[in-house]
Structures are given as structure tokens and as C-alpha cells.
Asks: 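Let me give you the structure first, and then I'll get to my questions.
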Amino acid sequence: MSQTFERYRGVGLAIDADPPHVWHQEVIEPGHAVGYDGVVNDYFLVRVASFHPRGAMSDDELAAENVVGFRWWRLSDIADYCGPDVFSPRDLAAPLAALIAGGVPARPVPLGL
């Protein structure tokens, strides 16, 4: 079982093969967020017909990871969002629109903050 496969089991999704790695984000800077000096994220394209995300982590464990909820977002919801929460990357709508229009890239696309 691959490391990628294990990551999806953490949200309660079982998949049979590693999905395509579409984006890579690495931002290292002192004071990035309280207690952190940066972030490294890898993004994978997983297509599902229907799925309710809920893995084995308790609400307290999720809160310790700064996860306060799950929901599905449409591209238009992301592009038009004006609430207090932030996406990572901040301009998530732009690379997501490019992914939808252009398909899976040959190599992971580097993303900024």
C-alpha cells in the first residue's frame, strides 16, 4: 500500500490506485503562522461520484490540525467566496480552473501561497 493511498484513508476514502499528483506547494518563511515556519502541501486529483469525508480522527484531533469542517465547493463558490476563511493557495480558483480546462499536468504544478 502506497503512502498516497494511506493519506486518503485518513478522510475515510478508500481508493485502488495512486491518483495523479497535480500541484505542489512549498512556502517556507519565519512567522508563517503562529508556531509554524511554513507549509508543504501536495495536491492529488481524486474523482468520486459521491463521498462523505469522515476519517478515523476525532473532532478534537481534527481541531488540533486546524480542521474545523468538511464541505464540497464548486469552482464558482471558491471564486466568489468573501468570507473569513482562506484557501491554500489563496488563489485556489485560478489553478483549479486551469486544471479543469487543461486536464492533469505532466508534472505537479508549483503553487505559491
Side-chain angles (χ1 to χ4, degrees):
M1 192 176 319
S2 75
Q3 184 177 15
T4 300
F5 180 79
E6 283 296 317
R7 288 181 186 150
Y8 295 104
R9 289 181 53 164
V11 295
L13 176 64
I15 57 176
D16 295 328
D18 286 342
H21 183 191
V22 294
W23 303 329
H24 176 76
Q25 179 188 47
E26 190 168 330
V27 178
I28 308 297
E29 59 184 62
H32 172 73
V34 177
Y36 298 93
D37 64 355
V39 62
V40 177
N41 290 313
D42 288 292
Y43 298 81
F44 299 86
L45 178 62
V46 178
R47 296 178 190 268
V48 295
S50 178
F51 169 64
H52 178 73
R54 184 61 192 199
M57 295 176 77
S58 70
D59 289 342
D60 289 340
E61 290 169 322
L62 290 169
E65 295 292 326
N66 297 313
V67 176
V68 295
F70 297 102
R71 70 168 272 201
W72 290 105
W73 295 75
R74 294 184 183 125
L75 177 58
S76 60
D77 295 335
I78 294 168
D80 297 339
Y81 184 72
C82 295
D85 301 310
V86 295
F87 294 103
S88 182
R90 302 288 192 268
D91 67 340
L92 178 60
L96 184 55
L99 178 64
I100 291 167
V104 176
R107 317 179 262 162
V109 174
L111 300 175
L113 185 59

Asks: Which pair of non-hydrogen atoms, one from Val22 and one from Pro105, has the smallest distance, and what is that distance?
Replies: O-CG, 3.6 Å

Asks: Taking the side chain as every heavy atom from C-beta outward, state whether Pro89 and Leu113 have any atom pair closer than 4.5 Å.
Replies: no

Asks: Any chance you could pull the hydrophobic cluster mates of Val40, using side-chain heavy atoms under 4.5 angstrom and chaining through other members?
Replies: Ile28

Asks: Compare all side-chain heavy atoms of Leu45 with those of Arg47 and state whether any distance is below 4.5 angstrom.
Replies: yes

Asks: Please list all pairs passing the ring pair (Phe, Tyr, Trp, His ring centres under 6.0 Å) test where one or both residues lie in residues 76-100, with sequence neighbours left out.
Replies: Trp73-Tyr81, Trp73-Phe87, Tyr81-Phe87

Asks: Under the salt bridge (charged side-chain N to carboxylate O under 4.0 Å, His left out) rule, what pairs show up with a residue in residues 74-88, not counting sequence neighbours?
Replies: Arg71-Asp77

Asks: With a 4.5 Å cut-off on side-chain heavy-atom distances among I, L, V, M, F, W and Y, is there a chain of contacts connecting Val104 to Ile100?
Replies: yes

Asks: Can you tell me which residue pairs pass the ring pair (Phe, Tyr, Trp, His ring centres under 6.0 Å) test with a partner in residues 88-113, sequence neighbours excluded?
Replies: none

Asks: Quick one: do Val86 and Val67 end up in the same hydrophobic cluster if we chain Ile, Leu, Val, Met, Phe, Trp and Tyr together by side-chain heavy atoms under 4.5 Å apart?
Replies: no

Asks: Looking only at non-hydrogen atoms, find the nearest pair between Pro95 and Leu111 and report the distance.
Replies: CB-CD2, 3.9 Å

Asks: Under the rule for salt bridge (Lys or Arg N to Asp or Glu O under 4.0 Å), what residues qualify as partners of Asp59, not counting sequence neighbours?
Replies: Arg54

Asks: Please step through side-chain contact (heavy atoms from CB on, under 4.5 Å) for the pair Leu13 and Val48, ending with a clear verdict.
Replies: CA-CA 9 Å; Leu13 176 64; Val48 295; 4.1 Å; yes

Asks: Calculate, to the nearest 0.5 Å, the distance between atoms CG and CG belonging to Leu96 and Leu75 respectively.
Replies: 5.0 Å

Asks: Could you give the distance from CH2 (Trp23) to OG (Ser88), rounded to the nearest 0.5 Å?
Replies: 10.5 Å

Asks: Under the rule for ring-ring contact (aromatic ring centres under 6.0 Å, His included), what residues qualify as partners of His24, not counting sequence neighbours?
Replies: none

Asks: Could you give the distance from CZ (Phe70) to CG (Leu62), rounded to the nearest 0.5 Å?
Replies: 5.0 Å

Asks: Grab the two heavy atoms, one from Tyr43 and one from His21, that are nearest each other, plus how far apart they are.
Replies: O-CD2, 3.3 Å

